[in-house]
Amino acid sequence: MFLDLSIFDVGNLLIVNANKPNKSEYSTLVSIVERNEKDFIMKCLGSLGASYIEGLEQTTPDQKWIDLRDGADYLINGVTLHFNGLNEIEAHYIWFLYQEKVSQSTTNGELQVSDEQVDNTYLLVNRWNEMVNLIGYNENGFVPCLKDFLEAGDYEDANGAYEFKYKNQLI
């Protein structure tokens, strides 16, 4: 598992109890990551995905794989930007799967999805579309994204898989 679950401790991707091994939210989250992480990597990175996985599984990974996972600065058109790493993008993906298929997080912990609850589609769509922007489908100019980070860096095998597209409220 490459994803650092601490990313779910605060902010827009909060999942209460995500890092408490004795809680059901933790085991559910770990299960979702284990089932979906490699598929996400391959869809997002294409042929570079296998090299990324292999590179991170080395005893001492090359810095380029650590930078891709955790983030680093890069230069584009003379401007230095900071890419937050593939982990941030994957966290959006995993958060979406968690919220959509398993439960709804509340400030008190996990709440099972039922037909009587308020629809959380708006939140799901927003987080998904944030993920798509982080991959590189944004056209807002100098916004750090995976696509630009790969093009500016030492990633010869990057073929631009980026299989994720925007969703709307109708998912």
Side-chain angles (χ1 to χ4, degrees), residues 1-15 18-19 29 32-100 105 120-171:
M1 198 165 79
F2 302 123
L3 184 62
D4 178 2
L5 298 183
S6 68
I7 199 164
F8 299 110
D9 286 341
V10 295
N12 290 340
L13 301 176
L14 174 68
I15 297 175
N19 283 302
L29 189 58
I32 290 171
V33 173
E34 288 174 347
R35 280 193 320 261
N36 295 283
E37 185 170 57
K38 288 190 178 179
D39 183 55
F40 165 80
I41 290 168
M42 298 309 290
K43 283 181 179 176
C44 198
L45 296 178
S47 62
L48 182 62
S51 299
Y52 172 76
I53 292 168
E54 184 180 306
L56 284 178
E57 289 176 340
Q58 298 299 313
T59 306
T60 308
D62 287 345
Q63 189 62 43
K64 75 178 197 175
W65 303 123
I66 294 169
D67 289 348
L68 180 53
R69 181 191 64 198
D70 299 335
D73 290 340
Y74 67 100
L75 192 63
I76 185 167
N77 297 328
V79 176
T80 301
L81 298 173
H82 182 76
F83 171 65
N84 287 334
L86 193 59
N87 265 350
E88 180 182 9
I89 299 168
E90 181 183 351
H92 279 75
Y93 181 73
I94 297 299
W95 183 93
F96 181 89
L97 294 179
Y98 182 91
Q99 298 295 340
E100 179 185 54
S105 286
N120 68 350
T121 303
Y122 178 77
L123 260 178
L124 291 170
V125 169
N126 281 344
R127 294 302 164 265
W128 182 271
N129 290 341
E130 285 173 8
M131 177 192 74
V132 173
N133 285 340
L134 291 170
I135 291 170
Y137 288 104
N138 61 60
E139 296 178 8
N140 299 330
F142 296 103
V143 177
C145 65
L146 172 65
K147 182 178 173 230
D148 291 343
F149 180 77
L150 293 175
E151 289 174 4
D154 181 27
Y155 302 96
E156 306 82 32
D157 297 336
N159 68 354
Y162 322 118
E163 288 188 25
F164 302 99
K165 305 291 183 208
Y166 289 113
K167 291 186 181 288
N168 63 34
Q169 295 296 328
L170 302 175
I171 299 183

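Any value given below was found using the heavy atoms of this structure, including those in side chains, with hydrogens, waters and symmetry copies removed.
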message: Between Arg35 and Ile32, is there a side-chain heavy-atom distance shorter than 4.5 Å?
response: yes
Tyr74 and Asp67: side chain donor to acceptor below 3.5 Å: no
field: Side-chain heavy atoms of Leu68 within contact of Leu56, under 4.5 Å
entry: no
query: After noting the C-alpha distance and the side-chain angles of Leu146 and Ile89, does the key distance pass the side chain to side chain contact (heavy atoms under 4.5 Å, CB included) rule?
result: CA-CA 9 Å; Leu146 172 65; Ile89 299 168; 3.8 Å; yes
- line: His82 and Pro144 have their tightest heavy-atom pair at O-CB, 3.1 Å
message: If you define the side chain from C-beta out and look only at heavy atoms, does anything of Trp128 sit under 4.5 Å from Tyr93?
response: yes
message: Within this structure, what is the CH2-CD distance for the pair Trp65 and Glu57, rounded to the nearest 0.5 Å?
response: 12.0 Å
- request: Return yes if some donor-acceptor pair links the side-chain N/O of Tyr155 with the main-chain N/O of Lys64 below 3.5 Å, else return no.
  value: yes
- request: First locate atom CG of Asn36, then atom CG of Leu97, and finally report the distance between them rounded to the nearest 0.5 Å.
  value: 5.0 Å
message: So Asn126 and Asn12, do their side chains get closer than 4.5 Å, heavy atoms only?
response: no
message: Ignoring hydrogens, what is the shortest heavy-atom contact between Phe149 and Asp73? Give both atom names and the distance.
response: CE1-O, 4.4 Å
query: Any side-chain heavy atom of Val125 within less than 4.5 Å of one from Asn168?
result: no
task: Evaluate the criterion side chain to side chain contact (heavy atoms under 4.5 Å, CB included) for residue pair Lys167 and Leu124; output intermediate values, then yes/no.
output: CA-CA 9 Å; Lys167 291 186 181 288; Leu124 291 170; over 6 Å; no
- prompt: Can you name the one residue among Phe164, Trp95, Phe2, Phe96 that meets ring pair (Phe, Tyr, Trp, His ring centres under 6.0 Å) with Phe40?
  reply: Phe164
query: With distance as the sole test, does Asp4 use its side chain to make a donor-acceptor pair with the main-chain N or O of Ser6 at under 3.5 Å?
result: yes
query: What is the minimum heavy-atom distance between Asp9 and Leu14, and which atoms define it?
result: O-CD1, 3.1 Å
statement: Distance col, row Tyr52:OH vs Asp62:CG, nearest 0.5 angstrom, shows 13.0 Å
Considering all heavy atoms, the nearest Ile7-Glu88 contact: CD1-CA, 3.8 Å
field: Asn133/Cys145 under side chain to side chain contact (heavy atoms under 4.5 Å, CB included): CA gap, chis, key distance, verdict
entry: CA-CA 7 Å; Asn133 285 340; Cys145 65; over 6 Å; no
message: Show, in sequence, the C-alpha distance, side-chain angles and deciding distance for Gln99 and Leu123, and conclude whether the side chain to side chain contact (heavy atoms under 4.5 Å, CB included) test is met.
response: CA-CA 9 Å; Gln99 298 295 340; Leu123 260 178; over 6 Å; no
query: Taking Glu37 for the side chain and Leu3 for the main chain, is one N or O donor matched with an acceptor at less than 3.5 Å?
result: yes
statement: Residues Phe8 and Ala91: closest non-hydrogen pair is CE2-O, 3.5 Å
message: Is it the case that the side chain of Asn19 and the backbone of Leu5 share a donor-acceptor pair, with hydrogens and angles ignored and the cut-off at 3.5 Å?
response: yes
statement: Separation between CD (Glu130) and NE2 (His92), nearest 0.5 Å, reads 4.0 Å
- request: Could you point out which residue of Leu75, Ile76, Asn77 forms a side-chain contact (heavy atoms from CB on, under 4.5 Å) with Asp148?
  value: Ile76
query: Got Lys147 and Ile135 here, is their nearest side-chain heavy-atom distance under 4.5 Å?
result: no
